[in-house]
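Have a look at the structure below, then the notes.
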Amino acid sequence: MEHGQLLYDIGIAIITATLSGLVAYWLHQPILLGYLLAGALIGPQVFEVVHEPESIEIISEIGLILLLFIIGLELNVKKLLASGKQLLVTGFGQFLICVGLGCALFSIMGFPILGAKNDGLYLAIMCALSSTAIVVKLLYDKAELDTLPGRITLGVLVVQDIYAIFVLAFQPNLADPSIAPIAKAMFFTVALLVGGFLFSKYALRWVFTSIAKNSEMVLAVSIGWCSAVAATASALNLSKEMGALVAGVSIAAFPYSIHVTAKTLPLRDFFLTLFFVSLGMKITAPSWDMVVPVSIVVTFVIASRFMSVYPLALATGAGRRASFVASLNLAQVSEFSLVIATLGLNTFHHIEARTMAIVLYAMAIMAVLSSYAIRFSHPLFLLFEKYIVRAKPGAQASLTEDEAMTHDIVLLGFHRGARALVEALARSHPDFLKRLLVIDFNPVTLEELKNRGIHAVFGDISSMETLEHAHLKHAKVIVSTIPDILLKGVDNHALVRMSKAIAPHAHVVATADDGTHEQRLRQDGAHYVIRPHDLAGERLAVLLTDASWFGDAQEKIVG
């Protein structure tokens with residue numbers, strides 16, 4: 001391989017990936033699709049611009065190892081174990097159910113499960129894993145990471161990463177799944193994890209503390225640690241990729257992991273681009289015989305999430321909406337699946353190139369579908385309730401008319417603003433808590449309020465029927481503390497109008513983003529409008545002018 005040719009191929013790959021990524025971004029599509037398209041264009045199936053694709057694969061393997069290292073850094077096992085029954089049951093059960101369903105389906109389709117070729121088993125495993133990159137990005141954009149469906153989704157993604165560690169450990173023996181090699185791989189995996197954790201605790205902690213102010217050394221030590229564990233894994237007949245994942249996991253629980261992540265992300269992203277471009281080069285030209293298997297895989301991924309996540313989350317008390325949205329959030333194929341497929345095709349020769357192509361096409365289709373599904377999850381849930389479950393929104397709201405008359409302060413939704421209001425009332429006017437009525441569709445929140453002695457009912461505040469069923473007509477004060485960006489299927493204007501229509505004599509409090517928004521809400525009938533940013537600004541102004549931070553006055557504590 002000539003060095004000049006290698007640099008030429010890398011340059012072509014990066015330029016094409018950048019242009020294709022820009023097009024994907026401008027079209028509001030996942031950038032990952034742009035990278036895959038770039039690889040397909042410069043690969044042997046289309047223009048054949050890259051003459052030595054093997055050279056790109058060598059560089060892309062570095063990106064793959066760094067990807068798994070970063071995934072390991074973000075996998076905090078302590079936080080996972082502290083997540084409670086809901087996330088643990090849903091997370092660990094989802095993967096097993098999906099793999100079982102997948103093995104049954106793909107064996108019927110003629111894909112082998114056991115033997116020299118394991119295409120069916122690989123497809124089952126790959127379809128059971130969801131895309132962390134796509135899901136986290138979309139939930140972050142929607143500000144839903146801290147919601148109940150968001151927490152369930154993230155919990156399942158973390159557990160999937162744990163399963164992936166064992167898949168990578170067992171992968172060399174999938175073609176011959178005898179007990180001895182698997183037990184040996186399991187032993188070496190646990191030994192690698194324990195050894196890495198102990199070394200991180202007693203040696204790396206001191207090293208990173210001593211070099212924290214030097215970015216170059218933080219990056220160098222991070223890459224060195226990743227390379228050392230990956231090489232150790234290879235020496236133990238485990239995959240280098242699994243070693244990189246263990247390297248990240250072993251330091252994820254320590255404070256310096258955040259620093260390491262920040263320094264390695266830019267380098268990882270560069271090599272990761274080449275990884276997805278190299279995958280795109282392997283995409284075979286589409287043919288009619290691919291339509292049926294790809295369609296079945298796409299359908300199976302969606303169906304399997306609702307056959308696993310939905311019932312498990314519902315059984316642990318998450319509620320229909322949270323269970324539905326979490327299932328929808330996880331309905332795509334993971335980048336990790338491409339890692340497993342790449343190793344299965346090129347390293348272990350467990351699968352055919354056609355299986356890799358099926359996964360690539362399914363992943364691309366699911367990435368697009370998922371971006372829209374997550375964006376419109378609430379309207380999709382309402383359709384699910386209406387036509388599938390045939391349940392009326394708010395039908396679970398349990399409140400008699402006499403009770404409604406004694407709970408005359410109604411909170412529409414219970415997010416951070418309402419929570420802060422309850423805490424303030426508990427400190428200053430605890431007797432007012434008995435007058436509160438909270439309407440929310442988060443079962444965990446409702447249980448928490450019930451334990452505090454605050455009356456709360458399940459219901460969708462965007463539904464007029466819910467508000468009527470909760471006897472809102474008896475309310476004296478109706479409060480909406482949730483900003484429009486966090487409301488689903490409704491906004492503060494609609495809440496004010498519905499509240500005034502049902503309870504015309506009630507005092508309505510709404511939340512606005514700015515002065516113009518406030519004027520519109522007042523025109524709708526709001527008696528008082530909260531502007532959180534302005535309140536924060538006024539509070540900070542008092543703090544800055546009263547505190548003794550400038551050395552010319554005695555410090556005052558602002559309560």
Side-chain angles (χ1 to χ4, degrees), residues 321 378-379 382 385-386 391-422 424-425 428-429 431-442 445-446 449 453-535:
R321 182 185 182 277
H378 187 73
L382 295 180
E385 286 275 275
K386 183 177 181 180
K392 296 180 179 180
Q396 293 86 351
S398 177
L399 187 73
T400 67
E401 194 154 356
D402 290 339
E403 287 176 327
M405 295 179 70
T406 60
H407 298 88
D408 54 1
I409 303 175
V410 180
L411 303 185
L412 302 179
F414 194 77
H415 198 56
R416 293 170 182 169
R419 184 179 296 276
L421 170 61
V422 168
L425 288 175
S428 58
H429 297 84
D431 53 310
F432 267 68
L433 296 180
K434 297 179 181 179
R435 299 175 60 180
L436 290 181
L437 169 64
V438 178
I439 305 175
D440 198 276
F441 51 40
N442 187 336
T445 296
L446 300 182
L449 292 169
I454 298 173
H455 206 94
V457 295
F458 181 91
D460 182 1
I461 61 174
S462 67
S463 168
M464 190 82 161
E465 185 179 356
T466 294
L467 303 184
E468 291 175 341
H469 193 81
H471 305 294
L472 195 68
K473 62 184 179 181
H474 296 298
K476 294 181 180 178
V477 180
I478 303 170
V479 183
S480 169
T481 63
I482 307 178
D484 283 356
I485 192 173
L486 298 179
L487 288 169
K488 308 303 173 188
V490 73
D491 56 23
N492 275 272
H493 294 290
L495 290 177
V496 171
R497 290 193 293 268
M498 288 191 296
S499 297
K500 294 302 293 183
I502 299 173
H505 303 296
H507 292 272
V508 179
V509 181
T511 299
D513 298 323
D514 50 39
T516 303
H517 194 190
E518 177 180 353
Q519 290 180 0
R520 291 174 57 199
L521 288 172
R522 290 189 180 277
Q523 291 172 359
D524 290 333
H527 294 80
Y528 188 82
V529 179
I530 306 167
R531 289 159 57 179
H533 297 298
D534 291 345
L535 292 175

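Here CG of L495 is found 7.5 Å from CG of L467. Values are rounded to the nearest 0.5 Å. Note: F458 CZ to D440 CG = 8.5 Å, rounded to the nearest 0.5 Å. Between the CE atom in M498 and the NE2 atom in H493 there is a gap of 13.0 Å [rounded to 0.5 Å]. Note: I478 CD1 to L472 CG = 4.0 Å, rounded to the nearest 0.5 Å. Once rounded to the nearest 0.5 Å, the distance linking NE2 of H507 with CD1 of I409 reads 11.5 Å. Residue L436 holds its CG atom at 6.0 Å from CG of L425, rounded to the nearest 0.5 Å.
Among residues at least two apart or in separate chains, salt bridge (Lys or Arg N to Asp or Glu O under 4.0 Å) pairs with a member in residues 516-528 are R497-D524, E518-R522, E518-R531. Applying the side chain to side chain donor-acceptor pair (under 3.5 Å) test to every pair with at least one member in residues 476-486, sequence neighbours left out, gives these pairs: S480-N492, D484-N492, D484-H517.
Taking each heavy atom of A475 and A503 in turn, the nearest pair found is O-CB, 4.5 Å. Between V479 and V477, the shortest heavy-atom distance links the atoms CG2-CG1, 3.8 Å. Across V496 and A510, no two heavy atoms sit closer than the pair CG2-CB, 3.7 Å. The two atoms that bring A494 and V490 nearest to each other are CB-CG2, 3.6 Å, heavy atoms only.
A donor-acceptor contact shorter than 3.5 Å links the side chain of T466 to the backbone of D460. A donor-acceptor distance shorter than 3.5 angstrom exists from the side chain of H527 to the backbone of V508, with no hydrogens or angles considered.
Heavy-atom neighbours of I485 CD1 from other residues, nucleotides or ligands within 6.0 Å: at or below the threshold of 12.
In this view, R435 and D408 satisfy the side-chain hydrogen bond (donor to acceptor under 3.5 Å, both in side chains) rule, not counting sequence neighbours.
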Steps toward side chain to side chain contact (heavy atoms under 4.5 Å, CB included) verdict (H378, S462): CA-CA 10 Å; H378 187 73; S462 67; 3.8 Å; yes

Can you list the steps and then say if L412 with S499 is a side chain to side chain contact (heavy atoms under 4.5 Å, CB included)? CA-CA 10 Å; L412 302 179; S499 297; 3.9 Å; yes

Determine, stepwise, if the pair H455 / V457 fulfils side chain to side chain contact (heavy atoms under 4.5 Å, CB included). CA-CA 7 Å; H455 206 94; V457 295; 4.3 Å; yes

Going through the checks in order, is the side chain to side chain contact (heavy atoms under 4.5 Å, CB included) test met by V509 and V529? CA-CA 6 Å; V509 181; V529 179; over 6 Å; no

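Using a 30° and 60° split on the angle between ring planes, H474 and H471 fall in the tilted class, from 30° to 60°.
Under the side chain to side chain contact (heavy atoms under 4.5 Å, CB included) rule, F414 has a single partner from L421, I482, V422, which is V422.
Within the 4.5 Å cutoff, the side chain of L411 has no heavy atoms near those of the I439 side chain.
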